[in-house]
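Report on the structure given below.
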Protein chains: 2
Amino acid sequence: MSEAELPEVTTTLVYRLGGLGAIASARFAAAVEPLGIRPKHVALMAVLSAGAAASQLELAQTLGVVASVVVGLTDRLEALGAVERLRDPDDRRRHRLSLTPAGRTLLASCTAAATALDAELTASLSPAEAQSLHRAVGVLASETGLPA
Amino acid sequence: MSEAELPEVTTTLVYRLGGLGAIASARFAAAVEPLGIRPKHVALMAVLSAGAAASQLELAQTLGVVASVVVGLTDRLEALGAVERLRDPDDRRRHRLSLTPAGRTLLASCTAAATALDAELTASLSPAEAQSLHRAVGVLASETGLPA
DNA sequence: GGGAACCGTTCGTAGGGAGAATGGTGGATC
DNA sequence: GATCCACCATTCTCCCTACGAACGGTTCCC
């Protein structure tokens with residue numbers, strides 16, 4: 001194995017994306033923490049807003065977590081008045097979750113915070129670079145099946 | 001607050017980077033798991049290889065973890081024969097860590113695995129897109145003070 | 001030479017998520 | 001139409017990871 005020909009592991013995309021993602025998550029978490037929620041709550045609301053899922057089990061699959069986690073997330077959001085748990089009249093086993101107006105406002109605040117972080121993050125990039133980065137990340141996100 | 005003008009939170013860079021980073025970390029972890037280590041071990045070896053730190057406390061700061069974590073990581077790597085703990089003769093309180101030849105080989109294997117993942121990840125991107133993505137991520141990585 | 005500061009290690013602890021067990025509901029089968 | 005099986009949400013328990021504090025050993029400063 002010719003080691004000299006390989007680049008440093010720290011310069012690879014997966015490695016840097018891993019570290020960069022951790023930093024991004026931490027910053028986003030810090031940004032939404034004053035709102036009383038964490039990134040997972042935002043993800044749940046985003047899925048709801050997009051109409052990508054309604055029952056908690058669907059939510060769990062979309063978010064890539066176990067059903068019991070969704071319970072806790074929903075508990076929190078319900079306590080904040082951001083989502084409503086309604087028994088599905090067609091199937092009373094399911095809970096049909098829906099965003100309340102307060103939830104939409106909350107989600108909008110999170111979006112605003114994220115947008116501000118974006119600007120801060122890409123400050124050292126040229127507009128063209130930021131644009132291409134955004135595009136490439138979008139491709140990778142859809143490719144890896146991230147909740148859209 | 002005019003919500004309609006804002007993009008979806010899921011399309012923001014911080015949000016996608018967070019999710020993408022988690023996936024990248026998971027894939028990288030799965031790739032190095034057969035080698036008996038996890039991403040943090042790779043990071044430690046990379047810092048050592050770059051000569052960016054020698055004492056465990058410096059390692060901790062560079063890696064962004066607590067000193068007690070470095071103990072566990074070093075224990076594992078020492079058991080694998082990848083690093084050596086040597087008392088610093090100048091200051092016998094410190095441990096001067098150094099990569100062994102086996103450690104360099106192990107690190108090279110990790111780099112190879114990461115490179116393979118990179119190719120897999122950027123398969124759906126054009127060479128030009130992949131290039132610009134790599135560049136932009138590099139800028140962000142150095143900007144956010146990621147272990148180089 | 002004695003006390004304060006530092007380094008590495010160990011121990012205890014808290015937070016997050018996974019998985020199994022429980023209660024309630026719907027559908028199929030006979 | 002009654003019974004059994006499958007499904008959804010919830011709760012409970014366990015594990016894993018990282019943090020923070022406490023503890024020996026060592027060095028530096030006065």
Side-chain angles (χ1 to χ4, degrees), chain A residues 18-19 21-30 32-33 36-44 47-48 52-79 83-98 146-147, chain B residues 18-19 21-26 28-30 32-33 36-44 47-48 52-79 83-98 147:
Chain A
I23 292 177
S25 293
R27 291 195 185 178
F28 186 56
V32 299
E33 191 270 337
I37 57 177
R38 291 182 303 125
K40 292 272 182 186
H41 298 109
V42 180
L44 195 156
V47 172
L48 244 50
S55 78
Q56 297 184 195
L57 195 63
E58 285 173 337
L59 251 334
Q61 293 166 175
T62 305
L63 296 175
V65 295
V66 174
S68 56
V69 174
V70 178
V71 175
L73 296 174
T74 306
D75 284 347
R76 177 75 187 145
L77 290 173
E78 194 178 29
V83 304
E84 277 180 336
R85 260 192 186 104
L86 298 171
R87 282 284 174 191
D88 188 335
D90 296 340
D91 187 343
R92 291 179 44 76
R93 289 173 299 183
R94 302 187 184 185
H95 279 162
R96 178 169 295 275
L97 301 186
S98 64
L146 230 59
Chain B
I23 293 178
S25 292
F28 186 55
V32 299
E33 190 269 338
I37 57 177
R38 292 182 302 128
K40 292 271 182 187
H41 298 109
V42 180
L44 195 155
V47 172
L48 245 49
S55 78
Q56 296 184 198
L57 196 64
E58 285 174 336
L59 252 335
Q61 293 167 175
T62 306
L63 296 175
V65 294
V66 174
S68 56
V69 173
V70 178
V71 175
L73 295 175
T74 306
D75 283 347
R76 177 74 186 146
L77 290 173
E78 195 178 28
V83 303
E84 277 180 337
R85 259 191 186 106
L86 298 172
R87 282 284 173 193
D88 187 336
D90 296 340
D91 188 342
R92 290 176 46 76
R93 289 173 299 184
R94 303 187 184 185
H95 279 162
R96 178 169 294 274
L97 301 187
S98 64

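First the proteins, then the strands, lettered A, B, ... as listed; each starts at 1.
Between L63(B) atom CG and dC19(D) atom C1' there is a gap of 15 Å when expressed in whole angstrom units. Across the protein-nucleic acid pair, D88(A) atom CG and dG27(C) atom C1' stand 15 Å apart, rounded to whole Å. Following rounding to the nearest Å, L59(B) (CG) and dG8(C) (P) show an atom-to-atom distance of 9 Å. Straight-line distance from the CG atom of D90(B) to the P atom of dT27(D): 10 Å, rounded to whole Å. Rounded to a whole Å, the CG atom of L44(B) is 13 Å from the P atom of dA18(D). The distance between atom CG of L73(A) and atom P of dG15(C), rounded to the nearest whole Å, is 16 Å. In this structure, L97(B) places its CG atom 12 Å from C1' of dC7(C), rounding to the nearest Å.
Side-chain contact between R27(A) and I23(A) is present, with heavy atoms from C-beta onward closer than 4.5 Å. Two residues are said to be in side-chain contact when any heavy atoms from C-beta on lie closer than 4.5 Å; L59(B) and L48(B) meet this criterion. With contacts defined as side-chain heavy-atom distances shorter than 4.5 Å, the pair I37(B)/L73(B) does not qualify.
Scanning both residues, R85(A) and L97(A), for their nearest heavy atoms gives CG-CD2, 3.5 Å.
Under the 3.5 Å distance criterion, the side-chain polar atoms of R76(B) are matched with a main-chain donor or acceptor of G36(B).
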Below 3.5 Å is the cut-off: list the nitrogen or oxygen pairs between protein and nucleotides 8-15 of chain D, distance only.
from, atom 1, to, atom 2, distance (Å)
dA9(D), OP1, Q56(A), N, 2.9
dA9(D), OP1, H95(A), N, 3.3
dA9(D), OP2, L57(A), N, 2.7
dA9(D), O3', H95(A), ND1, 3.1
dT10(D), OP1, R85(A), NE, 2.8
dT10(D), OP1, R85(A), NH2, 3.4
dT10(D), OP1, H95(A), ND1, 3.2
dT10(D), OP2, Q56(A), OE1, 3.0
dT10(D), OP2, Q56(A), NE2, 2.5
dT10(D), OP2, R85(A), NH2, 3.3

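For R92(B), no side-chain nitrogen or oxygen approaches OP1 or OP2 of dG8(C) to under 4.0 Å.
The side chain to side chain donor-acceptor pair (under 3.5 Å) test with D88(B) singles out one residue from H95(B), R93(B), R96(B), and that residue is R96(B).
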